[in-house]
Amino acid sequence: QLQLVESGGGLVQPGESLRISCAASGAASGFTFNYYAIAWFRQAPGKEREGVSCISRTGGRTNYADSVKGRFTISRDNAKNTVYLQMNSLKPEDTAVYYCAAVFDFTQAMCVLTKGSFATWGQGTQVTVSS
């Protein structure tokens, strides 16, 4: 089955930038990474898990939560089986564990931030924004 591993989290000060990665591996024979839509979610202590950004399987469609629009950029490199989330102008309220999630995309344009839509999740990477 598909496996996802997040990396790149850490401690940064408000206003700084960070790029986190989601690397996919172990896909079943006959399946390739570019057939999966990917999304980033985050969860802060005591808070509900929320969608942050998504990207369609080809990268042609992206979406962002209102709270991160203009600051975060999602991208993917299908040759490297990796999705990135570039986070700029980070705020303390961005502090959370960030998870990536994947779902096989048979629509060719899937880009949603609904957690129930995703079957495979990574272990998460901690992002802390604090002075």
Side-chain angles (χ1 to χ4, degrees):
Q1 68 180 43
L2 183 68
Q3 299 175 30
L4 303 176
V5 178
E6 301 94 335
S7 62
L11 173 64
V12 297
Q13 298 181 45
E16 294 184 340
S17 298
L18 196 66
R19 188 177 77 161
I20 56 176
S21 302
C22 173
S25 63
S29 179
F31 292 85
T32 56
F33 182 64
N34 59 303
Y35 280 90
Y36 290 87
I38 306 293
W40 286 97
F41 294 80
R42 67 186 182 186
Q43 187 167 20
K47 304 294 184 181
E48 297 291 329
R49 180 175 49 179
E50 63 176 352
V52 176
S53 183
C54 60
I55 189 166
S56 63
R57 75 188 212 189
T58 64
R61 181 183 295 272
T62 59
N63 200 9
Y64 299 90
D66 288 341
S67 59
V68 306
K69 285 181 179 177
R71 299 189 297 119
F72 290 11
T73 302
I74 191 170
S75 62
R76 66 190 297 162
D77 186 341
N78 286 342
K80 295 184 177 180
N81 294 345
T82 302
V83 170
Y84 305 97
L85 185 66
Q86 178 68 45
M87 303 180 289
N88 298 329
S89 301
L90 283 162
K91 305 174 180 180
E93 48 263 50
D94 295 318
T95 296
V97 177
Y98 283 71
Y99 301 90
C100 63
V103 62
F104 182 77
D105 179 13
F106 52 82
T107 73
Q108 300 185 328
M110 183 178 182
C111 186
V112 297
L113 294 173
T114 304
K115 55 183 179 292
S117 297
F118 295 87
T120 303
W121 295 78
Q123 86 291 342
T125 186
Q126 176 71 48
V127 173
T128 303
V129 185
S130 177
S131 59

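As the structure is a prediction and not an experimental result, all values here were calculated from the model.
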Whether F104 and Y36 hold their rings parallel, tilted or perpendicular, with breakpoints at 30° and 60°: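 The arrangement is perpendicular - the two ring planes meet at more than 60°.
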Contacts of type side-chain contact (heavy atoms from CB on, under 4.5 Å), residue S75, not counting sequence neighbours: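 Per chain and number, S75 pairs via side-chain contact (heavy atoms from CB on, under 4.5 Å) with Y84.
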Find out whether [X] and [Y] are in side-chain contact, i.e. whether some heavy atom of one side chain is under 4.5 Å from a heavy atom of the other.
X    : Y    : answer
P92  : S130 : no
T58  : N34  : no
S17  : L90  : no
W40  : C22  : yes
T125 : S7   : no
V5   : Q123 : yes

Any residue meeting side chain to side chain donor-acceptor pair (under 3.5 Å) with [X], in chain and number order, not counting sequence neighbours:
X    : value
R57  : none
T107 : D105
Q86  : N88

Shared-cluster residues of Y99, by chain and number - hydrophobic side chains joined below 4.5 Å: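 Traced through the cluster, Y99 reaches F41, V97, V103, M110, V112, F118, W121.
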With hydrophobic residues grouped by side-chain heavy-atom distances under 4.5 Å, do [X] and [Y] end up in a single group?
X   : Y    : answer
I20 : V12  : yes
Y35 : I38  : yes
Y64 : V127 : yes

Nearest-0.5 Å distance, [atom1] of residue [X] to [atom2] of residue [Y]:
X   : Y    : atom1 : atom2 : answer
S25 : N81  : OG    : CG    : 8.0 Å
L85 : S21  : CG    : OG    : 9.5 Å
Q13 : S131 : CD    : OG    : 7.0 Å
N78 : T32  : CG    : OG1   : 8.0 Å

From CA spacing to verdict: salt bridge (charged side-chain N to carboxylate O under 4.0 Å, His left out), K91, D94: CA-CA 5 Å; K91 305 174 180 180; D94 295 318; over 6 Å; no
Minimal non-hydrogen separation, A39 against L113, with atom names: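 Taking A39 first and L113 second, the nearest heavy atoms are CB-CD2, 4.3 Å.
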Where L4 and A24 come nearest, the two heavy atoms and their spacing: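 It is CD2-CB, 3.7 Å.
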Under 3.5 Å donor-acceptor, S56 side chain and A37 backbone: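 Not at all, since once roles are kept as given, no pair shorter than 3.5 Å links the two residues.
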Exam field: side chain T62 to backbone I55, donor-acceptor pair closer than 3.5 Å: no
Stacked cation flag R76 on F33, 6.0 angstrom / 45 deg: yes
Pairs touching residues 44-54 that satisfy salt bridge (charged side-chain N to carboxylate O under 4.0 Å, His left out), sequence neighbours left out: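 Sorted result for residues 44-54: R42-E50.
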Atom CZ of R71: over 12 foreign heavy atoms under 6.0 Å: yes
From CA spacing to verdict: side chain to side chain donor-acceptor pair (under 3.5 Å), T128, Q126: CA-CA 6 Å; T128 303; Q126 176 71 48; 3.3 Å; yes
